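Chain letters run A, B, ... following the sequence lines, proteins first, then strands; residues in each count from 1. All figures in this text were calculated on a predicted structure; none of them were measured in a lab.
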Amino acid sequence: MRKILFIVEKEFKQIFRNVVLLRMMMIAPVMQLVLLSLAANFEVKNLKIAVVDQDHSTFSRRLVSKFQYIDNFKLTGFTPSYKLAEEQLLLDKVDIVLAIPAHFERDLYRDNRSGVQLMVNAIDGSKAGIASGYAATIIQDFNGDIRIENVPMRKGEVQQVDIVNQYWYNPRLEYRTFMVPGILFELLLLVGGLIAALNIVREKEMGTMEQLNVTPIQKHEFILGKLIPFVVIGLVQFTLGLIVAKFIFRVPMEGSLLLLYVFALLFLILCVGLGLLISTISDTMQQAMFVAFFMLVLFILLSGLFSPTENMPQWAQWLDTINPLKYIIEVARNTMLKGSTFADVRSHFFALLAIALAINGLAIWRYRKTV
Amino acid sequence: MKAVITNKLTKKFGDFIATNAITFEVEEGEIFGFLGANGAGKTTAMRMLCGLLTPSSGEAQVAGFDVYTQTEKIKQNIGYMSQKFSLYEDLTIRENIKFYGGIYGLRLADINDKTAGILEKLQLQNVADALTASLPLGWKQKLAFSVAMLHQPKVVFLDEPTGGVDPITRRQFWEMIYEAASRGTTIFVTTHYMDEAEYCNRVSIMVDGKIQALDTPKGLKETYRVDSMDGVFQILARGTSTK
């Protein structure tokens with residue numbers, strides 16, 4: 001046990017002496033948190049819309065004007081024909097084409113029904129989905145307006161049902177509120193995992209590892225001695241990140257701060273353990289970097305940070321049961337935004353605990369004092 | 001009890017036999033020179049004895065402990081100094097001594113005593129709190145040797161400890177080796193300097209993974225009828241190159 005303290009002391013001395021690295025470890029995550037959170041925004045704005053109006057009626061003009069009043073759309077102009085509209089779509093000049101057929105108004109009066117066509121550039125599928133969603137809402141709204149005005153309610157006719165949305169836990173649908181908790185932990189994984197991996201591989205490259213390996217130091221003493229300093233530094237980083245989340249992004253903190261710290265501690269033990277595990281299978285810093293990046297990118301893409309895990313294919317979801325980032329991001333969002341208690345995220349706790357124990361166990365097992 | 005005993009100790013890397021069934025014994029308190037050309041298998045043999053490499057076959061005991069099953073006991077009883085300087089360059093001299101003292105389980109009071117002793121002996125008091133990186137190579141090697149001796153090991157393994165060091169510092173280094181040996185520590189040393197071979201009690205010469213000769217420097221010179229260890233080495237090394 002005493003030997004662990006000597007290693008911890010030595011690591012802290014080395015870390016504090018490496019001013020560049022220390023600065024990187026403290027400032028880089030905060031900067032990334034700020035930049036990523038501001039940039040990673042799924043709100044779709046400035047959708048360029050072209051209109052093919054072949055009806056030229058009061059109704060068609062009203063429908064078009066509805067689009068003009070919505071911030072998300074920018075009317076680029078009227079196009080006389082479908083063909084020209086298609087061309088503009090092809091040239092990327094517009095994102096969406098609203099085509100109003102001839103006799104739109106007449107049909108509405110006569111048959112009480114009519115149709116319009118939306119052509120959406122769907123190269124970016126999610127953007128297209130959101131754009132057509134917005135457009136559908138506007139058209140529905142228009143539908144409601146003219147119904148009330150022009151179709152006197154007949155006896156026995158069922159009044160249309162209005163849907164009023166209320167967004168819970170993130171009432172203003174702020175993307176930052178949603179993204180910041182996730183990005184916070186993504187950065188812990190990145191920094192904790194990578195720095196720890198590079199640290200031991202550096203000892204291998206310097207030859208100090210061999211010198212340690214001829215001492216009677218035990219495997220768990222070595223791993224714990226390396227683990228503790230990086231977990232402590234990770235907690236400092238986490239605190240800085242929380243301050244940024246609170247005071248720059250105004251992310252709410254509905255749940256217990258203590259609970260969040262317990263999870264952060266557990267997650268850091270896991271991340272640093274992962275870094276140590278990577279270092280035991282790498283001989284050079286390049287190898288360690290490559291392995292670490294490969295794993296981190298996989299974890300991040302499958303984590304649900306950018307796209308919901310529920311939409312992923314079954315095999316990906318199955319893979320996700322061992323993705324620590326997925327669990328911690330759910331915990332972070334639920335604790336910070338919804339005020340979840342330990343009982344709500346207990347299963348996440350045990351999943352993370354199991355992964356942390358497995359990874360650190362593997363790291364101790366894989367660490368060889370002989371070649 | 002012998003300090004080191006090996007019996008047909010062998011290490012293979014795939015088809016390559018780095019160390020081929022070497023058998024020898026080292027007496028306690030002896031300065032044992034382990035000579036051979038580059039790639040002769042010296043470092044491999046030494047790493048097996050230190051518990052850094054698991055042998056492919058054969059037997060060996062170091063300080064009375066088995067190299068297969070008691071490597072941790074061996075490690076508590078040996079010191080090791082590799083070819084490459086391997087103290088922490090970004091720690092001060094004092095911090096390096098403290099760290100290794102702690103790793104070997106010395107008490108803090110002992111560590112402080114030892115630190116004062118080493119600093120005085122090496123006359124490093126003025127630079128005790130300077131980073132190790134700032135020391136000249138010769139001083140680094142003397143410090144590394146002192147750190148390897150910190151826990152009073154029974155056997156100390158030195159892998160080319162004086163490579164690249166000036167003659168005066170080499171001389172001082174060998175004085176330190178003699179002093180350690182006179183206190184009963186067994187010294188197991190590899191070197192490429194034939195004048196250093198003359199300082200050893202006994203010398204073995206490895207060629208292509210095998211021990212070709214093992215005797216006192218005087219005995220070797222008589223056997224091969226030459227007047228220096230350099231001559232002995234030339235005959236043995238050339239003998240294989242013309243085969």
Handout entry: Aromatic ring proximity, centroids under 6.0 angstrom, Phe99(B) and Phe6(A)
Key = no
Please classify the contact between [X] and chain A as side chain, backbone, both or neither, with a heavy-atom cut-off of under 4.5 Å.
X	value
Ile111(B)	side chain
Lys98(B)	both
Leu87(B)	backbone
Phe85(B)	backbone
Thr92(B)	both

Problem - chain B interface, residue from Gln211(A), Glu9(A), Met209(A) that has the most non-hydrogen pairs under 4.5 Å - result: Gln211(A)
Practice task
Carefully, step by step, assess Phe349(A) and Phe267(A) under the rule ring pair (Phe, Tyr, Trp, His ring centres under 6.0 Å).
Solution key: CA-CA 10 Å; Phe349(A) 181 82; Phe267(A) 184 66; over 10 Å; no
Problem - Between Glu28(B) and Thr186(B): side-chain donor-acceptor atoms closer than 3.5 Å - result: no
Practice task
Please check if any side-chain donor atom of Asn112(B) sits under 3.5 Å from a side-chain acceptor atom of Thr115(B), or the reverse.
Solution key: no
Handout entry: Distance under 6.0 Å and angle within 45° of ring axis: Lys11(B) vs Phe13(B)
Key = yes
Problem - Atom group of Ile7(A) that falls short of 4.5 Å from chain B, counting heavy atoms - result: both
Handout entry: Atom group of Glu203(A) that falls short of 4.5 Å from chain B, counting heavy atoms
Key = side chain
Handout entry: Ser282(A) side chain vs Ser279(A) backbone, donor-acceptor pair below 3.5 Å
Key = no
Completion exercise
Of Lys73(B), Glu72(B), His151(B), the largest count of non-hydrogen pairs under 4.5 angstrom with chain A goes to Glu72(B)
Practice task
Just say parallel, tilted or perpendicular for the rings of Tyr261(A) and Phe238(A), cut-offs at 30° and 60°.
Solution key: perpendicular
